[in-house]
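Okay, so here's the structure we're looking at.
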Amino acid sequence: QVQLVESGGGLVQPGGSLRLSCAASGFTYGNYAIGWFRQAPGKEREGVSCISNSDGGTHYADSVKGRFTISRDNAKHTVYLQMNSLKPEDTAVYYCAADFPDLVILSRLCVPEDFGSWGQGTQVTVSS
């Protein structure tokens with residue numbers, strides 16, 4: 001059973017940075033994708049970024065391109081989301097999610113409905 005645990009959320013001022021971590025376990029096969037999603041109050045869950053374990057391919061939402069970077073540490077089974085130049089509109093609960101097969105998921109631009117395993121979420125608040 002796949003388990004995902006997010007950490008690293010918190011309160012940060014506009015223009016600041018945070019790094020989220022997603023510790024993953026329970027994968028039987030290596031061709032999985034891990035994605036980061038966020039949901040603000042009263043809004044639908046939206047994709048932020050995702051990464052393929054097979055080839056390291058990545059995808060970013062237009063709203064975070066150039067500010068956020070997704071990366072992986074296979075030895076630690078952890079995926080990171082480095083968030084720079086944070087804006088108040090980045091405030092949300094951030095979730096990581098995982099599923100197979102990664103190349104198909106990446107080709108479909110990592111939509112939430114393609115992910116079956118989800119973490120509990122971590123709150124990110126950008127405010128002065």
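Numbers for residues simply follow the sequence, beginning at 1. Worth knowing before you read on, the calculation uses all heavy atoms, side chains too, and leaves out hydrogens, waters and symmetry mates.
The number of heavy atoms from other shown groups lying within 6.0 Å of CD (Glu89) is above 12.
Listed by chain and residue number, Gln123 satisfy the side chain to side chain donor-acceptor pair (under 3.5 Å) test with Thr125 (two or more places apart in sequence, or in another chain). Every residue two or more places apart in sequence or in another chain that forms a side chain to side chain donor-acceptor pair (under 3.5 Å) with Ser17 is listed here: Asn84. Val5 is linked by a side chain to side chain contact (heavy atoms under 4.5 Å, CB included) to Gln120, counting only residues two or more places apart in sequence or in another chain. Applying the side chain to side chain contact (heavy atoms under 4.5 Å, CB included) criterion to Ala23, with sequence neighbours excluded, gives Thr78. Residues that satisfy the side chain to side chain contact (heavy atoms under 4.5 Å, CB included) test with Glu44, not counting sequence neighbours, are absent from this structure. Scanning for ring pair (Phe, Tyr, Trp, His ring centres under 6.0 Å) contacts around Tyr32 gives Phe27, with sequence neighbours left out.
Placement of Val48 and Val12 within a single hydrophobic cluster is found when ILVMFWY residues are connected by side-chain heavy-atom separations under 4.5 Å, directly or transitively.
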Test log, rule side chain to side chain contact (heavy atoms under 4.5 Å, CB included), inputs Thr91 and Val124: CA-CA 5 Å; Thr91 295; Val124 172; 5.9 Å; no
Please step through side chain to side chain contact (heavy atoms under 4.5 Å, CB included) for the pair Ile34 and Asn53, ending with a clear verdict. CA-CA 8 Å; Ile34 289 186; Asn53 190 60; over 6 Å; no
Are Ser127 and Leu11 close enough, and set up right, to give a side chain to side chain contact (heavy atoms under 4.5 Å, CB included), and what steps lead you there? CA-CA 7 Å; Ser127 176; Leu11 173 64; 4.2 Å; yes
Show the numbers, then the answer: is there a side chain to side chain contact (heavy atoms under 4.5 Å, CB included) between Leu81 and Arg19? CA-CA 6 Å; Leu81 185 68; Arg19 188 178 78 160; over 6 Å; no
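In plain terms, the two heavy atoms of Val2 and Gly26 that are nearest each other are CG2-O, 4.0 Å. Leu18 and Gly8 get closest at one heavy-atom pair: CD2-O, 3.8 Å. Across all non-hydrogen atoms, the minimal contact from Ala61 to Gly47 is CB-O, 3.4 Å.
Side-chain atoms of Leu20 and Thr122, non-hydrogen and from C-beta on, do get closer than 4.5 Å to each other.
Contacts classified as disulfide (SG to SG under 2.5 Å) and involving residues 61-128 (residues at least two apart or in different chains) are given here: Cys22-Cys96, Cys50-Cys110. Within the structure, the salt bridge (Lys or Arg N to Asp or Glu O under 4.0 Å) test picks out the following pairs touching residues 48-63 (sequence neighbours left out): Asp62-Lys65. Sorted by first then second residue, the side-chain hydrogen bond (donor to acceptor under 3.5 Å, both in side chains) pairs that include residues 93-105, not counting sequence neighbours, are Arg38-Tyr94, Ser52-Asp102, Ser54-Asp102. Residue pairs meeting the ring pair (Phe, Tyr, Trp, His ring centres under 6.0 Å) criterion with at least one partner in residues 33-74, sequence neighbours excluded, are Phe37-Phe115, Phe37-Trp118. Here salt bridge (Lys or Arg N to Asp or Glu O under 4.0 Å) pairs that include residues 66-76, with residues two or more places apart or in two chains, are Arg67-Asp90. Legend: salt bridge (Lys or Arg N to Asp or Glu O under 4.0 Å) pairs involving residues 21-32, not counting sequence neighbours: none detected.
Taken to the nearest 0.5 Å, the CD atom of Gln82 stands 12.0 Å off from the OG atom of Ser49. Between Gln3 atom CD and Ser25 atom OG the span is 4.5 Å, to the nearest 0.5 Å.
For the pair Gln39 (side chain) and Val93 (backbone), a donor-acceptor distance under 3.5 Å is absent.
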